[in-house]
Protein chains: 2
Amino acid sequence: MYERKIERHYCCGLEITTEIIGGKWKPTIINLIHEGIIRPSDLQRAMPLASRRAINIQLNELQEHGIIEKKIYPVLPPKVEYTLTEFGTCLLPITLAMEEWGNKYRERFNKLLELKKEEASQ
Amino acid sequence: MYERKIERHYCCGLEITTEIIGGKWKPTIINLIHEGIIRPSDLQRAMPLASRRAINIQLNELQEHGIIEKKIYPVLPPKVEYTLTEFGTCLLPITLAMEEWGNKYRERFNKLLELKKEEASQ
DNA sequence: ATATGTAGCGCAAAATTATGCCCTATTGGC
DNA sequence: GCCAATAGGGCATAATTTTGCGCTACATAT
């Protein structure tokens, strides 16, 4: 475990929220679990750009923060399922809104990117 | 400017949204500008934990992404004001919800932190 | 003369986050 | 016997983000 050198301050709400959903893949994981993709291997297939390791770490942190719950089935090969807690469910309005907002403004964003590329090439 | 070594993929909306509001101080800046704190020096006073440098960088990025607009008054000493664009205003439901969520669950979060500390000390 | 307030960039270092590789363990299929 | 799939941890490294220090420039106040 990495131990912070600079202590975090949780003065405003935003600092708490970003502590919890700030990880690169966390909002995605929350949304996917909400969609019913609840087994680690399925999550990995749903996020091919994230490494297995990265996903495991994010899952552990989400669990520590009480956002998701882990059910281990005592079978072989191992079977694990994650579900949103009622606390985690409260986050959905935010994570889903983030997903929506990004999709809504994708074109605008892409145009901006192209503009930048042109500038860079000149 | 830092140049990415690994190209970002903007497949899902979340990746676009986090690219834009992912910076440590960006959601805070957006909310503060919305509250009327629009001059760089006032923003710095409102975020004493953020360095001047950090705030400047985040402001530049927000501007590049079309979230805020910069008005430079040709006076001395210099005067600058930032305002949300109509595009940036669309982000408020998200950033304000994040602030609200964190405040709502602050106690729960703090209890979790204390629990962790106890565990760590044993 | 000197300090303060305004705004902001360059550069290097520090802090943090994310990844890649290798390891364990067991069942079932070929 | 060997490979794939299941789940996940340890460790070192790479990538990225954030900070700190120093610098510019001018006007006003002390």
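Chain naming here is simple, since letters A, B, ... match the order of the sequence lines and numbering starts at 1 in each.
Going from atom CG of B/Asn56 over to atom P of D/dG20 covers 14 Å, rounded to whole Å. We find that CD of B/Glu64 is positioned 10 Å from P of C/dC9, with the value rounded to whole Å. For the pair A/Gln63 CD and D/dA7 P, the interatomic distance rounds to 14 Å; values are reported in whole Å. Put simply, CZ on A/Arg8 is 15 Å from P on C/dA15, counting in whole angstrom units. Separating the NZ atom of A/Lys79 from the P atom of D/dT6 is a distance of 12 Å, rounded to the nearest angstrom. Remark: P of C/dA7 and NZ of B/Lys71 are 15 Å apart, rounded to the nearest angstrom. We find that CD1 of B/Ile55 is positioned 13 Å from P of C/dT6, with the value rounded to whole Å. The distance from atom CG of A/Asp42 to atom P of D/dT6 is 8 Å, rounded to the nearest whole Å.
At least one side-chain nitrogen or oxygen of B/Gln58 sits closer than 4.0 Å to the OP1 or OP2 atom of D/dT18. Look at A/Arg45 and you'll find a side-chain N or O under 4.0 angstrom from OP1 or OP2 of D/dT6. Residue A/Ser41 places at least one side-chain N or O under 4.0 Å from the OP1 or OP2 atom of D/dT6.
Within the 4.5 Å cutoff, the side chain of B/Leu113 has heavy atoms near those of the A/Tyr10 side chain. Contact annotation: the side chain of B/Thr89 approaches that of B/Leu92 to within less than 4.5 Å [non-hydrogen atoms, C-beta and beyond]. Between B/Lys71 and B/Glu69, the closest side-chain pair of non-hydrogen atoms is not below 4.5 Å. Side-chain contact between A/Phe109 and B/Ile20: present, with at least one pair of heavy atoms (C-beta onward) separated by less than 4.5 Å. Annotation: side chain of B/Pro27 is not in contact with side chain of A/Thr17 (no heavy-atom distance under 4.5 Å).
Going from atom CG of B/Asn31 over to atom SG of A/Cys12 covers 8.5 Å, rounded to the nearest 0.5 Å.
Helix-axis bend for the helix from C/dA1-D/dT30 to C/dC30-D/dG1: the local axis fitted to the five terminal pairs at one end deviates from that at the other end by 20°, rounded to 10°.
No side-chain donor-acceptor contact under 3.5 Å links B/Asn56 and B/Arg53. Of the N and O atoms on the side chains of B/Glu114 and B/Asn110, not one donor lies less than 3.5 Å from an acceptor on the other residue.
Between B/Trp101 and A/Phe87, the ring planes are parallel. Angles under 30° get that label, and only those over 60° would be called perpendicular.
Of the residues in residues 13-38 of chain B, none lies under 4.0 Å from DNA chain C by heavy-atom distance.
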Sugar-phosphate atoms are those with a prime plus P, OP1 and OP2; base atoms are the rest. Using that split, label each nucleotide of nucleotides 22-30 of chain C B, S or - for protein heavy atoms under 4.0 Å, 5' to 3'. ----SS---
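Nucleic acid contact class of A/Glu81 (heavy atoms, under 4.0 Å, all strands): none. No engagement by B/Tyr73 is indicated, since no non-hydrogen atom pair under 4.0 Å with the nucleic acid exists. Here B/Ile6 lies in heavy-atom contact (under 4.0 Å) with sugar-phosphate atoms only.
Between B/Arg108 and A/Glu86 a salt bridge is recorded (basic side-chain N to carboxylate O distance below 4.0 Å).
With C/dT19, D/dT19, C/dT17 as the candidates, the nucleotide lying closest to the side chain of A/Arg4 is C/dT17. The B/Tyr2 side chain lies nearest to D/dT17 when the options are C/dA7, D/dT19, D/dT17. Between D/dA7, C/dC9, D/dG9, one nucleotide has an atom nearer to the side chain of A/Arg39 than all others, and that is D/dA7.
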Kindly determine whether A/His34 and A/Leu96 satisfy side chain to side chain contact (heavy atoms under 4.5 Å, CB included), including the steps that lead there. CA-CA 10 Å; A/His34 174 239; A/Leu96 292 176; 4.1 Å; yes
Steps toward side chain to side chain contact (heavy atoms under 4.5 Å, CB included) verdict (A/Glu100, A/Asn103): CA-CA 5 Å; A/Glu100 245 182 85; A/Asn103 283 327; 5.9 Å; no
